[in-house]
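Just so we're clear, the structure is a prediction, and the values are computed from it rather than from any experiment.
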Amino acid sequence: MTTATLNPLPARAPRHRRRWILLGLAVLGLVLMAALGSTAWHGLHGLADVGDWRIGLDEHGWHGDVGIGGVIGAVVSMLVALFVLLVVVPLVLLGAGLAVGGALALAALAVAAALLLMLGSVLLVLLVASSPLWLVGLVLWWALKPRAPAVASASS
């Protein structure tokens, strides 16, 4: 079996996807820049005031006078809302999820480090207490300890 049969996807698939992702990000950036430019050019109220819109619905269908500014403002507003819904909200949720996951991982790491420290100290105490060198040390201490001089009895 060759690697071509194991991997049915062509080798250029990631590069192809990267181009589409970059194109999508460029389009979203252009839409955002257009929305920000429109807001900056026409003030905070946008291209058309909502009070200027006259839209009606009757037996003949939709009718009304919105104006080109209102149409552009509505389209840009919808595109910005779509951008926020598709890009900003997932990034915020991803960031919050990473923050919570990181905090939980850090807490678990601290608990694991504390448990390892306790286990290490218990093992160290057990190693020292059960060492055969204690017997050698006790014998050396007994052999080298100073002897108390014999006290002469007072009756002599």
Side-chain angles (χ1 to χ4, degrees), residues 1-138 140-141:
M1 268 188 144
T2 64
T3 58
T5 58
L6 293 176
N7 189 5
L9 292 176
R12 299 179 69 190
R15 185 176 297 157
H16 179 70
R17 274 184 261 152
R18 244 183 281 154
R19 286 186 206 148
W20 281 107
I21 290 171
L22 287 175
L23 180 66
L25 289 175
V27 168
L28 288 174
L30 286 173
V31 168
L32 182 63
M33 294 308 269
L36 291 175
S38 170
T39 302
W41 182 261
H42 294 284
L44 295 176
H45 297 293
L47 291 171
D49 194 11
V50 177
D52 292 343
W53 291 13
R54 289 179 297 278
I55 300 174
L57 177 65
D58 55 13
E59 65 271 0
H60 301 292
W62 290 94
H63 60 86
D65 182 23
V66 180
I68 189 69
V71 171
I72 292 173
V75 168
V76 168
S77 299
M78 285 191 295
L79 288 176
V80 169
L82 187 64
F83 173 77
V84 167
L85 186 66
L86 293 178
V87 176
V88 174
V89 170
L91 286 178
V92 167
L93 292 176
L94 178 67
L98 287 176
V100 169
L104 289 176
L106 198 59
L109 187 65
V111 167
L115 287 175
L116 284 174
L117 245 152
M118 289 183 345
L119 180 66
S121 61
V122 166
L123 285 176
L124 184 66
V125 167
L126 285 175
L127 281 174
V128 167
S130 65
S131 173
L133 291 176
W134 278 105
L135 184 60
V136 173
L138 284 174
L140 273 173
W141 174 77

Atom [atom1] of [X] and atom [atom2] of [Y]: how far apart are they, to the nearest 0.5 Å?
X	Y	atom1	atom2	value
Leu119	Leu126	CG	CG	9.5 Å
Leu133	Leu138	CG	CG	11.0 Å
Leu91	Leu86	CG	CG	11.0 Å

**Prompt:** Is there a donor-acceptor pair closer than 3.5 Å between any side-chain N or O of Ser121 and the backbone N or O of Met118?
**Reply:**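 At least one qualifying donor-acceptor pair exists.
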